[in-house]
Amino acid sequence: MIRDEIARMVEEAVDRAKKAGDLPAIALPDIVIERPQRLEHGDYATSLPLRLARAAGAKPIELGQTLARHMPPSDAIERVEVAPPGFVNFHLSKGWLAQQVDSILEAGAAFAEVPLGKGQKVQVEFVSANPTGPLHAGNGRWAAMGSTLARVLQAAGYQVETEYYFNDAGSQVDVFTRTIYARYQQLFGREAPVPDDGYAGSYMVGLAEQARERFGDSLLRPEGEPAPEELGRFGIEQVTEWIRNDLADLGVHYDHWYREQTVYDSKAFDKGMAILRKKGLIVEREGAVWFATTQLGADKDEVVVRSSGLPTYLATDIGYHYDKFLVRKFDRVIDIWGSDHQGHVRPLQLAVEAMAIEPDRLTILIGQLVTLRRGEETIKISKRSGDMVTLREVIEEVGKDACLYFFLSRSADAQIEFDLELAKRQSNDNPVYYVQYAHARIAGIINVAKERLPDSQGGDTSLLIHPAELALIRKMLQLPELVEAMARSLEPHHLPHYAQELATVFHDFYENCRVVDDDNPDLSKARLKLVAAAKSVLATSLGLMGMSAPDRM
RNA sequence: GCCCCCGUAGCUCAGUGGAUAGAGCGCCGGCCUCCGGAGCCGGAAGCGUGGGUUCGAGUCCCGCCGGGGGUACCA
């Protein structure tokens, strides 16, 4: 990327200045190349002189001039300017910019790729909601974010696997089974109340009805006997199928669906626990088994096996991460959790570290929860109370792409409010259509060109000199930089904003530059290349977000 | 109480410690003899609050105010 080349140039300028005796031999901070907000400040800039001033004992502006004087030449850079109070600004040459159109066209979707991950094996696990009820609208946020992050990391050179972990073994399954059994019994006229801690949602009645169709009354047990496990398993399977379908309708597909039961069956649970036990971190007390995190600096210990004999969520998660790192050998693991799980972050990190896994191989992204609202009314998300807005409902009423765009455009740190009424009303105003419209518009232009320009091949991009043309090229060139930034920060929410900016500069170009012009076939052919490149970059951006890039709307 | 996240335009949200803080929606005013007006151009309007660090703070640190989450042998 050109930005990296500029960083190397700055480094070389420093070396040359030192050798020439124009700069004392001082330690160099990281060279940061930034993008100025204003075009007059150039395409790229560095504030290195400001940072070096004190150590070098010189005025920033003079340091800047020294660096500029020693700056090696480059075909891509038209001029280097020093601006007060101490910036060095780099202006890209128009000719070089125009050439990039050919490079972008040639690269296609690979234009967004950057060699950052070097083939490292990374897992992204997200959503992983319990299969005890349908996904709610808030789960869509993690689906959008996780799947996009996975594609971004892929583009950044990582070998990525996505995973959905579903809980088919814990205590919630027991609650679920008792609830569905209550509903099932009710269908046969028995007085069986839904347990106090059970799932109140009406979908449980539907599941019971499905069970009745499938099993008849064969699962009825004598009064007072516990719920049959088979009924629970049946329900879990049905709900898992709903979840798969909802995610598929959002365009989210996983490489692996991982069952919690696997943690036990594969002995990962036992092996993980054994490591911690060997280190003296497992203690028994008050009838339960504890992970002694206080020995690792925490302010309280964590229960791993309840006095009932059932492992806790944390315990299975320890085994699960043993499996991720020590069995499946991912170089990096990224878990996306809602902030309601934040209390588990430290204990799990401590466990991973205690298993001798380098702590920075595990990244747990905590996303703030989605608050749902319908007009004035706030809706509490709770599967157990049954008062919820399902993801399916939102996808159907707002549309897949608009839904993805909404969830994706907010930082994970922002608690967002999803007003279902507003979302429905504004779905036509969703920015995603603005971006898709730009893509469709280009498709239209290309069709017109086919009719009117018999020979539309081989445009000469050096004819592209209009400010609107160059602005479009400049914006396209940001995509690889953005992919790299997102892969580093794990913040995919920048992508929709970028796509919109790209669409904006395209629309501006469209207003100012006529592409298909019978009187000027050479310029038309050059501009056709430009819009074809823009179409490709728009499609790539939309593709990274899991959205469609339609030729017609 | 303690821990984590957040307070930026009327609303929903962006903003790698840099040079004059942005977008969408909403509001006001303009633009179709011409490739798709789901578009373009212009306008009004903002960093919760008080200190500190820095050449430079919306961004980092501390206090206060406000919102969300956690602090379970639930996940």
Side-chain angles (χ1 to χ4, degrees), chain A residues 32-38 40-41 45-47 50-51 53-54 60 83-87 89 128-130 132 167 170-172 175 197 286-290 299-300 302-314 316-317 337-346 366-369 371 383-384 406 409-419 422-423 425-426 428-431 433-434 436-438 440-449 451-452 481 485 488-489 491 493-494 496-498 500-501 503-504 506-508 510-517 524 527-528 531 552-553:
Chain A
V32 179
I33 305 296
E34 47 196 272
R35 277 184 174 273
Q37 291 178 28
R38 304 169 62 79
E40 66 200 65
H41 293 142
T46 181
S47 57
L50 286 163
R51 297 168 205 278
R54 179 166 294 177
F87 294 98
N89 297 334
S128 297
N130 280 349
T132 51
N167 179 317
S171 61
Q172 287 308 307
V175 175
D197 58 348
E286 300 157 27
V289 179
W290 301 70
D299 44 12
K300 67 180 183 58
E302 303 286 336
V303 171
V304 282
V305 182
R306 304 178 182 91
S307 46
S308 67
L310 231 65
T312 60
Y313 168 86
L314 173 64
T316 44
D317 232 9
W337 295 356
S339 67
D340 52 337
H341 287 63
Q342 65 176 251
H344 285 283
V345 173
R346 274 311 285 160
I366 293 296
Q368 299 304 307
L369 298 180
T371 312
K383 254 179 247 183
R384 266 170 269 188
F406 176 84
S409 56
R410 273 79 165 154
S411 132
D413 280 339
Q415 50 193 72
I416 59 182
E417 196 165 75
F418 194 105
D419 186 333
L422 202 66
R425 202 161 359 110
Q426 292 188 345
N428 285 334
D429 299 322
N430 191 294
Y433 299 117
Y434 177 82
Q436 291 176 326
Y437 179 68
R441 213 175 197 186
I442 295 173
I445 294 172
I446 291 173
N447 281 334
V448 170
E451 290 169 19
R452 290 218 249 148
E481 290 174 20
R488 286 188 199 280
S489 66
E491 291 178 343
H493 71 275
H494 299 293
H497 296 280
Y498 168 77
Q500 186 176 346
E501 289 165 12
T504 297
F506 166 73
H507 286 306
D508 182 63
Y510 178 87
E511 297 295 328
N512 287 290
C513 301
R514 191 171 173 82
V515 178
V516 183
D517 181 354
S524 293
R527 284 181 172 167
L528 269 174
V531 296
R552 307 181 58 160
M553 296 175 68

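Each chain gets a letter, A, B and so on, in the order the sequences are listed, and its residues count up from 1. Worth saying up front: this structure is predicted, and the values here are computed from it rather than measured. In what follows, every heavy atom counts, from backbone to side chain, and hydrogens, waters and symmetry copies are set aside.
Among residues two or more places apart in sequence or in another chain, the side-chain hydrogen bond (donor to acceptor under 3.5 Å, both in side chains) test is passed with Ser128(A) by Glu125(A). Considering only residues two or more places apart in sequence or on other chains, Asp508(A) meets the side-chain hydrogen bond (donor to acceptor under 3.5 Å, both in side chains) condition with Asn512(A). For Thr46(A), the side chain to side chain contact (heavy atoms under 4.5 Å, CB included) partners are Val10(A), Ile33(A), Leu48(A), Val88(A), Phe90(A), not counting sequence neighbours.
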A correct 5'-to-3' footprint of nucleotides 12-23 of chain B, with B, S and - meaning base, sugar-phosphate only and no protein heavy atom under 4.0 Å, is SSSSB-BBB--S
Whether each nucleotide of nucleotides 33-39 of chain B has a protein heavy atom under 4.0 Å at its base (B), only at its sugar-phosphate (S) or at neither (-) is summarised, 5' to 3', as -BBBSBB
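In this structure, Tyr510(A) and Ile442(A) have side chains that are not in contact, with every pair of non-hydrogen atoms separated by 4.5 Å or more.
Residue-level contact check: Asn430(A) touches neither bases nor backbone, having no heavy atom under 4.0 Å from any strand.
Note: His497(A) and His493(A) have perpendicular aromatic rings, judged against thresholds of 30 and 60 degrees for the angle between ring planes.
Distance noted for atom P between G58(B) and G1(B): 30 Å (whole Å). Across the C1' atoms, G43(B) and A9(B) are found 14 Å apart, a figure rounded to whole Å. For G63(B) and C6(B), the P atoms lie 16 Å apart once the distance is rounded to whole Å. Spacing of C1' atoms, G10(B) relative to G50(B), comes out at 27 Å, to the nearest Å. Here, G37(B) and C4(B) have their C1' atoms 47 Å apart, quoted to the whole Å. When the C1' atom is compared between U8(B) and C13(B), the two are found 9 Å apart, to the nearest whole Å. Using atom C1' as the reference point in both U16(B) and U59(B), the two lie 10 Å apart (nearest Å). Taking atom C1' in both C60(B) and C27(B), the straight-line distance is 37 Å, to the nearest Å.
Distance, Tyr498(A) OH to G24(B) P: 17 Å, rounded to whole Å. Rounded to an integer number of Å, the gap from Asp299(A) CG to C4(B) C1' is 13 Å. Atom P of nucleotide C5(B) and atom CH2 of Trp337(A) are separated by 16 Å, given to the nearest angstrom.
Residue whose closest nucleotide on RNA chain B sits further toward the 5' end, between His344(A) and Lys300(A): Lys300(A).
The structure places CD of Gln500(A) at 6.5 Å from OH of Tyr434(A), a figure rounded to the nearest 0.5 Å. In this structure, CD on Gln172(A) lies 7.5 Å from CG on Asn167(A), to the nearest 0.5 angstrom. Interatomic distance, Thr312(A) OG1 to Trp290(A) CH2, rounded to the nearest 0.5 Å: 10.0 Å. Rounding to the nearest 0.5 angstrom, the gap separating the OG atom in Ser489(A) from the NE2 atom in His494(A) is 5.0 Å. Here the CD-CG distance, from Gln368(A) to Asp340(A), works out to 10.0 Å after rounding to the nearest 0.5 Å. With rounding to the nearest 0.5 angstrom, the CH2 atom of Trp337(A) is 7.5 Å from the NE2 atom of His344(A).
A donor-acceptor contact under 3.5 Å is not formed by the side chain of Gln368(A) with the base of G69(B). Judged by distance alone, with hydrogens and angles left aside, Ser308(A) brings no side-chain donor or acceptor close enough to the base of C73(B) to form a pair under 3.5 Å.
Base pairing in RNA chain B gives the following stems of 3 or more Watson-Crick or G-U pairs, range against range and under 3.5 Å: B:1-7 with B:65-71, B:10-13 with B:22-25, B:27-31 with B:39-43, B:48-52 with B:60-64.
The glycosidic torsion of C32(B) lies within 90° of 0, placing the base in the syn range.
Aromatic pair His41(A)/Phe87(A): centroids not less than 6.0 angstrom apart.
Comparing G24(B), A72(B), G69(B) against the side chain of Pro431(A) picks out G24(B) as the nearest.
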